[in-house]
Protein chains: 2
Amino acid sequence: MTIPDVARHAGVGQATAARVLGGYGSASAATRERVLAAAAELGYSTNAVARSMISGRTDTLGVVVADVENAYFARAVRGIADVAAKAGLQAILANSDEDSEKEKAAVQLFIERRVDGLVVAPAATDDEHLARAVSAGIPVVLLDRVLTGAALDTVVVDNRGAVKAAVTRFTEAGHTRIAVITSAMPGDDGTRLAPGADIWTTTERVAGYRQALRAAGIPRSAELIRHTGYERAWARSAVLELMTSRDRPTALFTTDNVATLGTLDALLDLDARIPDDVSVIGFDDAEWTTLIRPRLSVVSQPVQELGGLAADILIRRISGAAARPRRHTLNTTYIARESTGPVPARTRRLRAPAECP
Amino acid sequence: MTIPDVARHAGVGQATAARVLGGYGSASAATRERVLAAAAELGYSTNAVARSMISGRTDTLGVVVADVENAYFARAVRGIADVAAKAGLQAILANSDEDSEKEKAAVQLFIERRVDGLVVAPAATDDEHLARAVSAGIPVVLLDRVLTGAALDTVVVDNRGAVKAAVTRFTEAGHTRIAVITSAMPGDDGTRLAPGADIWTTTERVAGYRQALRAAGIPRSAELIRHTGYERAWARSAVLELMTSRDRPTALFTTDNVATLGTLDALLDLDARIPDDVSVIGFDDAEWTTLIRPRLSVVSQPVQELGGLAADILIRRISGAAARPRRHTLNTTYIARESTGPVPARTRRLRAPAECP
DNA sequence: GAGCGCGTTGGTAACGTTATCAATCCTGCC
DNA sequence: GGCAGGATTGATAACGTTACCAACGCGCTC
């Protein structure tokens with residue numbers, strides 16, 4: 001069922017039927033009614049593909065995140081989809097799994113689909129693929145992560161400052177053995193990153209940790225920085241090892257969801273008492289942080305707003321806003337709960353559980 | 001940059017350039033090379049919109065769920081997107097918020113977009129909008145929920161059986177005061193559903209609960225069925241009220257994520273000891289269920305497989321499979337952890353915390 | 001040497017909409 | 001009564017690709 005069909009059935013010209021059905025131009029009340037009636041009778045539905053063909057717009061946004069299953073990205077996607085829907089756009093989703101090749105392939109597909117805009121949480125460290133999108137006339141907004149050197153709108157939080165402030169609470173409470181656990185992919189040893197695994201967010205958070213230590217005059221020690229990879233179980237075993245080592249840390253900062261989960265797994269397995277044996281602060285609040293005892297203190301970020309703002313900027317760009325791309329930094333909040341305390345007088349020996357293979 | 005441009009630049013006919021770039025038909029190695037070189041030089045990228053225009057396929061799936069932010073749907077969407085991506089399709093996402101009007105609007109949009117297939121977790125109780133999609137040649141697969149009377153492929157778990165089995169563990173342990181908490185919208189009192197809020201999944205789970213009671217010869221009592229609405233805080237206050245009432249339940253079954261979260265909030269606020277004061281089983285395992293003490297016993301469902309299977313069926317339909325639509329039921333697993341125990345000898349009086357406004 | 005078949009090539013129609021422009025109708029006014 | 005001017009109408013081009021078909025050249029066979 002196409003416009004010519006409806007036009008014939010209503011006894012009007014194609015162009016007239018098209019105007020009524022497309023809601024543009026003018027038509028008399030009488031013809032409008034006849035066309036609408038004919039359309040209803042024939043079960044006509046607009047072909048958005050043909051419309052996009054000529055209008056040049058597809059009313060879609062491409063969204064590339066690491067993994068929707070991750071609560072952080074799920075919330076961000078929700079924020080994007082909500083704002084997009086309000087503007088009549090829909091979101092097409094792609095998961096990169098932090099793999100820059102997958103990300104590039106997804107972006108290429110989005111360019112071919114002629115999406116109206118692109119929200120990307122970049123795993124890649126270069127922006128060639130994104131520049132291609134921009135030069136194809138597709139505005140791009142970066143989410144969660146800055147890409148240095150790329151002239152793109154970017155929506156982030158002040159990761160470095162937030163972590164510095166949080167870790168400073170540790171140092172002010174007297175902690176000097178403070179470890180940081182991330183779920184970035186480790187290189188040879190766990191204290192360095194695998195090539196290509198330098199996600200901006202993680203790097204910034206570790207930098208904030210370093211700044212806090214330096215400000216407190218605490219010498220840095222490499223073995224307290226643990227990159228554990230994107231599986232919860234890997235974070236668990238890294239922390240298990242860390243916490244049973246000689247001169248173990250008395251405070252842990254986890255830079256993300258997965259690291260936090262694995263870290264708590266380990267502490268539970270070790271029967272470590274929080275905060276008596278070890279203090280913990282996590283990055284990013286989750287639905288379960290008030291369900292555990294003690295409740296987990298966290299750095300909370302406005303994730304859904306982050307996504308919403310990204311979509312908002314994109315929509316403005318799509319409708320022609322030409323301002324210089326800039327970085328938008330949203331505020332984080334430190335939520336003090338009960339997982340932090342003073343340095344234990346004597347560090348109790350923790351025993352790793354027997355591992356079952 | 002279009003095919004005619006590339007053709008001109010390469011000094012070949014349009015059709016020849018089109019064949020090389022579209023990867024169909026035949027072309028000599030020499031011309032292929034020339035065309036590809038010209039395309040690269042001009043920065044040509046296929047226009048998928050134009051391709052869809054004539055091929056009739058858009059290589060997209062429409063996905064309608066209640067809310068991606070909900071871990072259940074996030075996992076399902078991930079399953080769908082993975083299988084789709086493997087087949088060269090991308091997923092367009094729409095959130096219905098359990099609102100059947102939003103769902104219908106989203107489906108209509110998807111029809112206009114000419115998506116190749118549709119995965120829907122229906123909030124609506126009729127299937128008129130879905131029938132429209134089918135008659136427009138778009139195959140539809142239902143996810144998580146059955147729509148009685150609709151001849152559509154459906155991917156679900158045996159909710160009734162799973163809940164019956166779980167609740168039977170309560171009855172076998174001697175519990176007789178067993179409550180069920182759902183996050184369906186309540187009607188006038190909390191024990192009935194609001195009009196239009198009868199989501200199949202919830203109804204089935206409550207039916208399973210009823211069957212288990214009947215099988216154990218326990219008379220049903222309406223005040224033990226609580227529909228609390230889709231906000232965690234609402235589940236909390238309902239449980240607060242329930243657990244401080246006379247003759248309170250000694251076992252709680254929560255039918256979903258949100259209800260489980262709110263229920264645990266309430267029990268924590270009441271200082272209720274699990275399972276000494278009250279036993280708890282939840283539906284659907286979450287990442288935090290092993291993080292709380294005692295660990296939460298749950299009915300676990302293969303959510304990602306559910307989504308993957310839905311996408312799989314859809315893809316088969318798209319490539320022409322004509323078998324009669326049927327229901328696919330995946331298995332759930334009961335995971336026994338530590339949140340269940342025998343009936344307390346004497347029910348300890350629980351005190352509601354002072355509410356702060 | 002003519003004919004046949006196959007790989008290659010190019011011209012052109014088609015997909016279903018919106019955009020453009022000219023033609024027509026109607027109304028109000030001088 | 002004639003005419004200006006706006007509202008309404010319809011024919012047709014255009015978007016960029018794939019589908020279709022005819023034409024060409026080459027090697028091979030009879």
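Please read all numbers here as calculations on a predicted model, not as lab measurements. Just so we're on the same page: letters track the sequence lines, and every chain starts at 1.
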Measure the angle between the two terminal helix axes of the helix from C:dG1-D:dC30 to C:dC30-D:dG1, five base pairs each, and quote it to 10°.
60°

Report the distance from atom OH of B:Tyr230 to atom CG of B:Asn70, rounding to the nearest 0.5 Å.
13.5 Å

CG on A:Asp116 to OG1 on A:Thr58, rounded to 0.5 Å:
4.0 Å

The single option from B:Glu33, B:Arg32, B:Arg34 passing side-chain contact (heavy atoms from CB on, under 4.5 Å) against B:Leu36:
B:Arg32

Chain A reaches DNA chain D, atoms under 4.0 Å from its heavy atoms, from D:dT8 to D:dG16

Partners of B:Asp312 by side chain to side chain donor-acceptor pair (under 3.5 Å), sequence neighbours excluded?
B:Arg316

Holding to side chain to side chain donor-acceptor pair (under 3.5 Å), I want the full list of residues that pass it with B:Glu98, two or more places apart in sequence or in another chain.
B:Arg145

Say whether B:Ser45 and A:Arg114, considering side chains only, have a donor N or O and an acceptor N or O under 3.5 Å apart.
yes

Answer with yes or no whether the side chains of A:Tyr72 and A:Asp144 bring together a donor and an acceptor at under 3.5 Å.
yes

Atom-pair distance ([atom1] on [X]; [atom2] on [N]), nearest Å:
X       : N      : atom1 : atom2 : value
A:Asp59 : C:dT17 : CG    : C1'   : 14 Å
A:Leu21 : C:dT17 : CG    : C1'   : 11 Å
A:Arg57 : C:dT17 : CZ    : P     : 16 Å

Check this one for me: any side-chain N or O of A:Tyr24 less than 4.0 Å away from OP1 or OP2 of C:dA19?
no

Measure from the side-chain N and O atoms of A:Asp5 to the backbone N and O of A:Thr2, and report whether any donor-acceptor pair falls under 3.5 Å.
yes

B:Asp59 (side chain) donor-acceptor with B:Leu89 (main chain) under 3.5 angstrom:
no

Under the rule for salt bridge (Lys or Arg N to Asp or Glu O under 4.0 Å), what residues qualify as partners of A:Arg327, not counting sequence neighbours?
none

What one-letter contact string describes nucleotides 8-14 of chain C from 5' to 3', where B marks a base within less than 4.0 Å of any protein heavy atom, S marks contact via sugar-phosphate atoms alone, and - marks no contact?
BBBB---

